[in-house]
Amino acid sequence: MTDYFDPRGNLVRLGKKLGSGGEGNVFELQGDLRLVAKIYHRPATMAQAEKLDAMTTLATEDLLRFAALPIATLTQTRSGPVAGIVMPRIRDQAEIHTLYSPAHRKSHYPDKDWGFLIHVAMNVAAVFDSLHQNTIVIGDVNQGNVLVSTRGTVTLIDCDSFQVSANGRIYPCEVGVAHFTPPELQGQSFHGTVRTTNHDLFGLAILIFHLLCMGRHPFAGRFTGVGEPPPLEKAIEQFRYAYSRNVKTNMLPPPQTLMVPAVMPALAALFERAFTKGSELSEARPTATEWHVALRDLKLQLKPCAADLGHKYPNYLGTCPWCALEREGAPNLFASVTAHLVDRREGELNASLDQLWKPLLDLRQAASDCVLQKVSFQNLHVTANPIPAEIEQNQSFALLLGRCFLGMLALLAASWWFPPMLYIATALSMGFGIWWFVLNRYYGLQPEIDRREKRLRDSIARLRVLESEGAKELDSIRLAVEQEFHRLDLTKAEIEGLRPRYQADLDALNLQRERRQLDAYLQSHLIRSTTISFVNDWQKSTLESFGIETAYDLNEIRLANINGLSQIARSALLDWKAAIQKKFKFRPREKIPNVDRNTILARYLRQREDQEQALMSGRSSLELLYNQLQEVRSRYQQRLDVAAQQAKQAEADVLSLPE
Amino acid sequence: MDQIPFGTNDFAENPEPRVPCVLLLDVSGSMGGQPISELNEGLTIYKDELVADSLASKRVEVAVVTFGGMVQTACDFTTADAFYPPNLTATGDTPMGAAVNQAVDMVHERKQIYRANGIAYYRPWIFLITDGAPTDEWKSAAQRVIEGETSKAFSFFAVGVEGANMDILKQLSKREPLKLKGLRFRDLFQWLSNSQQSVSRSTPGDEVPLQNPTTPDGWAAV
């Protein structure tokens with residue numbers, strides 16, 4: 001059973017069975033892991049065998065890179081009918097619908113964004129182009145026979161259905177999937193129909209539309225005509241392209257879909273050419289090359305969205321169309337990309353804040369240390385100002401005058417004995433006395449003493465005022481520092497709270513899933529169909545009349561409201577529920593999918609990023625305040641220094657005065 | 001407010017054409033014991049089979065309506081990944097007429113939702129499994145089934161388990177009702193899933209040639 005022969009009569013041994021399909025089973029080939037054998041359920045007819053033989057001549061190295069063309073036919077005996085074929089083995093590739101369907105993409109290709117989808121569309125176009133260059137028509141284009149690798153390369157399978165020309169004959173493709181069949185072929189039998197590249201290009205346009213527009217079908221829309229909406233193949237037949245600029249299609253785009261003409265005008269024009277009336281004419285549809293060029297241009301114009309890591313959109317658009325869809329109520333169609341970008345980054349939620357926080361602490365400390373220095377007179381060196389010469393002169397003159405005055409007083413005393421001298425002595429002593437007094441009082445040393453003492457008092461007072469003013473001004477800035485620091489401390493606490501909050505969200509999600517399963521499980525247990533001791537049918541009817549039908553509905557509060565239910569029946573019911581609940585098994589297969597967890601994580605990481613940004617900007621505002629502090633302090637310090645110098649001088653001046 | 005289960009139900013995330021299918025299951029008292037547990041087992045297999053097919057898992061939408069004492073929607077339309085087969089228990093009489101009416105209504109409503117959302121769909125299936133005869137008025141329901149079948153609004157399949165009144169089933173369904181051999185619910189659901197997988201690969205509106213279940217090793221007899 002496992003031995004076959006190739007056309008040259010060589011023995012081909014089959015290995016492990018890899019899979020089975022509608023046409024046949026696929027086996028490993030012993031000794032060559034790059035090839036597989038497909039053994040048909042029923043041997044090929046003569047016509048099929050001829051086509052397969054023709055195809056093996058077309059299988060060039062180049063084409064085999066992206067199309068699993070038959071390389072050789074297999075027979076069970078050396079001259080028997082064709083029982084199967086040898087073809088390239090394709091590994092690690094999945095049907096293209098698992099990529100373009102957002103629901104599957106998030107689990108199968110979680111990291112792939114719109115850029116990747118456009119890239120795959122380019123590759124699909126390239127494959128079509130190569131086959132068309134080699135006069136091969138695919139014919140049966142569909143979501144299942146185009147495979148995609150995680151690197152975005154594309155391979156076609158089920159190639160034995162291709163329409164090929166060889167030996168002057170055309171071997172037609174006799175199958176097709178209606179969703180990918182052009183209007184002009186809808187409703188026709190594929191049997192004997194010769195397919196053209198223009199037909200293939202309809203299928204290509206559908207595949208590209210699927211890839212670019214999140215799995216939507218270009219002909220599935222909201223029908224605005226009269227009566228029942230046409231089924232998909234009728235809509236295709238009637239050229240009802242839902243995204244057309246031409247409104248006469250009576251088909252509108254479904255809600256929450258991309259605005260194709262606005263988002264990608266160049267491609268929209270190609271879609272119009274591929275899907276609207278006139279496209280059925282010979283060579284009317286855009287060629288694979290045209291698609292390739294337009295797609296490459298679109299890809300080159302992509303830019304990332306500022307609001308969501310996972311979104312990419314053309315740079316000629318003002319706003320992100322994916323965010324716009326979300327605002328319309330659609331889910332985030334690239335949530336998994338965003339999620340993937342944060343995968344395994346949970347650790348970042350508890351990353352140490354020390355490096356961010358230390359400079360803030362230092363700044364705060366520095367700010368609180370930033371005070372005015374006490375003025376020290378110790379190191380100030382001053383030379384007392386000498387007493388002005390004029391005053392010295394006046395002083396000695398005043399001394400002379402004082403002596404004169406004393407002399408005159410003596411004369412005045414002597415006038416006792418010589419009365420006539422009394423007048424003169426009185427006048428002279430008064431004269432000298434007044435002169436001396438005036439000179440001494442106003443032009444002598446005393447005013448200088450007064451001046452110097454006042455200067456000393458003033459300078460000390462000024463020092464005090466400066467000190468207190470400076471301290472006040474510094475205090476008010478330091479208060480601002482403290483307030484800012486307090487605010488940042490709250491931010492820090494919030495950051496530190498993100499991890500526990502993230503965990504709580506995860507727990508809640510888990511609980512919700514478990515809860516939902518449990519609820520459904522309890523709801524599936526009907527009271528009526530269970531025998532519960534102490535609860536008779538009549539009581540069951542009573543319960544039902546209160547809307548209590550399943551284990552889910554049972555709880556103490558609800559039971560307490562029911563009259564005529566014995567305590568023993570109540571506890572029997574609750575015991576029954578508890579027993580059922582005990583048997584409930586949480587299906588772990590439904591653990592939180594990565595993408596769900598990561599979507600939450602992405603939210604928290606973004607919060608953390610924002611908060612860290614807040615700390616960072618807090619740092620600069622602290623720095624600003626600190627600079628202000630230093631500036632104020634140095635200003636005051638300078639003024640204090642000047643004032644201290646003056647005070648010291650004044651003191652020296654006072655101390656230097658003669659006793 | 002109920003949440004939308006995570007998965008492929010959302011039309012934006014999964015705009016694939018839908019194959020709606022209402023399972024109309026008899027859970028009247030007579031199904032108690034082995035039949036109901038085999039039926040439950042069959043439902044689980046059904047889910048697993050659908051989930052394993054990546055295309056069918058996006059296209060086939062199941063709803064479960066049970067009738068036994070009363071008519072209940074045990075599960076509203078959902079794609080296979082979010083379908084949790086309810087654990088059915090058998091009780092009460094057989095209000096089959098009301099159940100059929102409800103299924104027809106559900107199919108009608110579901111189609112409205114598809115249309116509003118621009119989602120293509122295949123002809124819906126209503127799949128009735130019973131082991132008895134209706135205990136309520138069923139003639140009007142039968143009328144609606146015939147009308148629905150004639151206008152191609154849905155396909156109605158009836159399967160009778162041992163004890164079913166096949167004569168009434170014949171009047172209820174335009175197609176020949178099938179008789180389940182023994183309690184081969186697993187085979188039945190395997191077949192159902194396979195059929196829907198092929199339907200989900202066909203074109204909406206097309207008649208899909210289903211694998212004949214009445215072959216000697218099939219699960220059904222006519």
Side-chain angles (χ1 to χ4, degrees), chain A residues 22 94-95 97-98 101-106 108 142-144 177-179 181 186 213-217 219-223 228-235 242 251-257 325 329-331 333 512-513 516-517 520-521 523-526 528-530 549 587 590 593 595-596, chain B residues 2-18 27-29 31-32 36 40 51 54-55 57-59 66 68-70 72 74-75 79 81-82 84-92 111 114-123 151-153 198 201-206:
Chain A
E95 294 180 1
H97 65 85
T98 60
S101 150
H104 267 147
R105 187 172 59 244
K106 66 184 174 191
H108 290 48
N142 69 57
Q143 73 283 330
V177 169
H179 297 183
T181 302
Q186 285 290 346
C213 301
M214 310 292 103
R216 296 281 177 174
H217 194 285
F219 293 84
R222 284 176 293 171
F223 184 58
E228 286 270 309
L232 202 44
E233 87 275 24
K234 276 277 171 249
M251 199 66 102
L252 290 177
Q256 300 174 1
T257 48
L325 284 182
L333 292 161
Q512 231 175 43
R513 289 165 168 276
R516 226 171 14 230
Q517 281 186 22
Y521 179 75
Q523 277 160 356
S524 69
H525 286 82
L526 291 166
R528 176 154 290 280
S529 53
T530 318
E549 294 164 359
R587 277 174 294 239
E590 290 168 66
V595 54
D596 271 15
Chain B
D2 210 353
Q3 297 200 52
I4 303 163
F6 181 86
T8 49
N9 275 339
D10 195 279
F11 294 130
E13 288 208 320
N14 176 21
E16 291 287 335
R18 297 300 205 273
V27 293
S28 61
M31 286 286 287
I36 201 83
N40 281 326
V51 167
S54 65
L55 198 60
S57 75
K58 285 185 285 197
R59 294 188 170 183
T66 60
M70 60 187 148
Q72 265 188 320
C75 164
T79 43
D81 56 344
Y84 298 111
N87 193 8
L88 303 175
T89 46
T91 178
K111 287 207 277 192
Y114 295 148
R115 279 174 213 169
N117 286 285
I119 297 295
Y121 54 88
Y122 298 79
R123 192 187 303 178
S151 63
K152 298 190 171 180
S198 16
R201 278 178 171 68
S202 71
T203 305
D206 261 11

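We name chains A, B, ... by the order of the sequence lines, and we start the count at 1 in each one. Keep in mind the model is a prediction, meaning the values are calculated, not measured.
Residues B:Arg123 and A:Pro231 are not in side-chain contact: their nearest non-hydrogen atoms beyond the backbone lie 4.5 Å or more apart. Side-chain contact between B:Ile119 and A:Arg216 is present, with heavy atoms from C-beta onward closer than 4.5 Å.
Contacts of B:Ala116 with chain A are made by backbone atoms alone, with heavy-atom separations under 4.5 Å and no side-chain atom involved. When heavy atoms are compared at a cutoff of 4.5 Å, A:His97 approaches chain B by way of both its backbone and its side chain.
For the side chain to side chain contact (heavy atoms under 4.5 Å, CB included) with B:Pro15, the lone residue among A:Cys213, A:Pro102, A:Pro254 that qualifies is A:Pro102.
Dense packing is recorded around NZ of B:Lys111, with more than 12 heavy atoms of other residues, nucleotides or ligands lying under 6.0 Å away.
For the atom pair CD (B:Gln72) and CD (A:Glu549), the distance works out to 6.0 Å, reported to the nearest 0.5 Å. Note that the CG atom of B:Leu55 and the CD atom of A:Glu95 stand 7.0 Å from one another [nearest 0.5 Å]. Separation of atoms CG (B:Asn14) and NE2 (A:His104) is listed at 8.0 Å; rounding is to 0.5 Å.
B:Ala12 approaches A:Pro331 most closely through the heavy-atom pair CB-CD, 3.6 Å. Closest approach of A:Leu232 to B:Ala120, counting heavy atoms only: CD2-CB, 3.8 Å. Here the shortest heavy-atom pairing between B:Arg115 and A:Arg222 reads O-CG, 3.6 Å.
Chain B forms the most heavy-atom pairs under 4.5 Å with one residue out of A:Ala94, A:Ala330, A:Pro229, and that residue is A:Pro229. For the options A:His217, A:Met251, A:Glu228, heavy-atom pairs under 4.5 Å to chain B are most numerous at A:Glu228.
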